[in-house]
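Below is one structure, written out as structure tokens, with a few remarks after it.
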Amino acid sequence: MQTYQGIAEQKFAAIANKKDALILGIESSCDETAAAVVEGGRRVLSNIIASQIEIHKRFGGVVPEVASRNHTLALPHIIDEALGDAGVRAEDLDAVAVTYGAGLIGALLVGLSSAKAFAYAQNLPLIAVNHIEAHVAANYLGTELTPPFVSLVASGGHTLLLDISSYNEYTMLASTLDDALGEAFDKVARVLGLPYPGGPNVDKLAREGQPNIKLYKTPKGVRSDLMLSYSGLKTAVVNYVHTLQQKGEPVPVADICASFSHEAIDLLAATAAQAMKKAGRDTLVLAGGVASNSYLRQKLQETGKENGFTVRYPEPILCTDNAAMVACRAYFMAAEGKGLAGLDLNAKSYLPFVAKESL
Ligand code: KG4
Ligand code: ZN
């Protein structure tokens, strides 16, 4: 009789020659419980996301333990819904893919345990996916995009410029020295009294305001090492707001949102343009929650036009945390024989970004 491991290895190897492989993706790294079925790495058959925004709103941010508990409650239904929506039976699947890092450890463990149980019960290979690589892969969904390209990943935990030379090889061109861009957006929202999640609210108000406030005393330029930093800008906003409040003066919320967005994104766009030159690529691909930001999209499109590169980004539902991107990433790993995990796979709250990362 064949063992689970033997069957999983066989089915995993078969994916490389199966253009229409069906992969169930599971994502639970933060406050979205998600499951999806993707065919052949590009065709989204279902993409179910249960957001916990309403639950965490009253705390002003994600409470890790609360997130884990809610993942536990939601995930079985979300998986059933993803299969039902796709019209796919568990036995039709070729693999189960799961985010194993980076993220909140307790939250990741819920998705990981469910994925392992599902894989074992159905004799399916388990594919371990890096959350950030999945965000980049979201750009393959419903498109014909192929590497090489440069990807700008901007989420709540990461701000990175990656040179994606092939489906499974990349090098880091730049990252943030301190806060992530999404984190800075959320902090600015908080000091302005805007509800969680802050980024989309700052984005909305920025469109109604003018970028007429000088937040930095001295203008900042692109660093020679292309590194980014958002902690100073965040602090400048906090100080600006506190000073007005202490003086009893009104706080021009929309103008602050616009000024912060322009300051943060103009420099990011200039840095991205330098990174494109350095890597010698002609396509810049946006990824992560902040890739939904309207000014970021607009500014990068303009920068692309001026500098002769094309800018692409996924639709907003694929920028936010979702499981379709996880299944997609797994397909392109499996196509090159990468990513098969054992049932002893553990969750990792932090994953380093190194060239040619392997498990
Ligand atoms: O990728 P994501 O959904 O989760 C992480 O992996 O972190 O990104 C969430 C981050 C949050 O910081 C959120 O405020 C930010 O993305 N975000 C935005 C926008 N939409 C989401 N930031 C600025 N403008 C937006 N429209
Ligand atoms: Zn994310």
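Residue numbers start at 1 and run along the sequence shown. Atoms within each ligand, like the ligands themselves, are counted from 1 in listed order.
Considering just the N/O/S atoms of Asp321, the one nearest the Zn ion (ligand 2) carries the name OD1.
Arg297 forms a cation-pi arrangement with Tyr313, by the criterion of a distance under 6.0 Å to the ring centre and an angle within 45° of the ring axis.
For a distance bound of 2.8 Å, the N, O or S atoms of His158 include none lying that close to the Zn ion (ligand 2). Residue contact annotation: His131 places an N/O/S atom under 2.8 Å from the Zn ion (ligand 2).
The protein non-hydrogen atom at the shortest distance from atom 26 (N) of ligand 1 is Asp203 OD2, 2.9 Å. Atom 11 (C) of ligand 1 has Asp186 OD2, 3.5 Å as its closest protein atom, hydrogens excluded (heavy atom only). Residue, atom and distance of the protein heavy atom nearest to atom 15 (C) of ligand 1 are Val290 CG2, 3.9 Å. Looking from atom 23 (C) of ligand 1 to the surrounding protein, the closest heavy atom is Asn293 ND2, 3.4 Å.
The distance from ligand 1 to the heavy atoms of Gly157 drops below 4.0 Å at these ligand atoms: 7 (O). Atom numbering of ligand 1 starts at 1 in the shown order; those under 4.0 Å from a heavy atom of Thr320 are 3 (O). Ligand 1 places these atoms under 4.0 Å from at least one heavy atom of His135: 1 (O), 6 (O). Close approach of ligand 1 to His131 is summarised as follows: ligand atoms under 4.0 Å from at least one heavy atom of the residue are 6 (O).
Here's the thing with Gly156: one of its N/O atoms is less than 3.5 angstrom from an N/O atom of ligand 1. Residue Gly289 has at least one N or O atom closer than 3.5 Å to an N or O atom of ligand 1. Inclusion of Asp321 in the set of residues having an N or O under 3.5 Å from an N or O of ligand 1 is warranted.
Other residues, nucleotides and ligands contribute only 12 or fewer heavy atoms inside 6.0 Å of the NZ atom of Lys187. Annotation for Arg42: atom CZ counts as buried by contact number, over 12 foreign heavy atoms lying within 6.0 Å. The environment of NZ in Lys220 is crowded: more than 12 heavy-atom neighbours from other residues, nucleotides or ligands sit within 6.0 Å. The environment of Arg207 atom CZ is dense: over 12 non-hydrogen atoms of other residues, nucleotides or ligands sit within 6.0 angstrom.
Between Lys18 and Asp94 there is a salt bridge, since a side-chain N of the basic residue sits under 4.0 Å from a carboxylate O of the acidic one.
Within the 3.5 Å criterion, the main-chain N or O of Ser231 finds a donor-acceptor partner in the side chain of Asp178. Between the Ser151 side chain and the Val285 main chain, a donor and an acceptor come within less than 3.5 Å of each other.
Side-chain atoms of Ser29 and Glu27 include a donor-acceptor pair closer than 3.5 Å.
For atom 22 (N) of ligand 1, the nearest non-hydrogen atom from the set Gly199, Gly182, Ala138 belongs to Gly199.
Using cut-offs of 30° and 60° on the angle between ring planes, the pair Phe332 and Tyr167 is parallel. Ring geometry for Tyr196 against His56 counts as perpendicular: the plane angle is over 60°, on a 0 to 90° scale with 30° as the lower cut.
Heavy atoms of Glu32 found under 4.0 angstrom from ligand 1: none, in either backbone or side chain.
Heavy atoms of Cys30 come nearer than 4.0 angstrom to ligand 1 in no pair at all.
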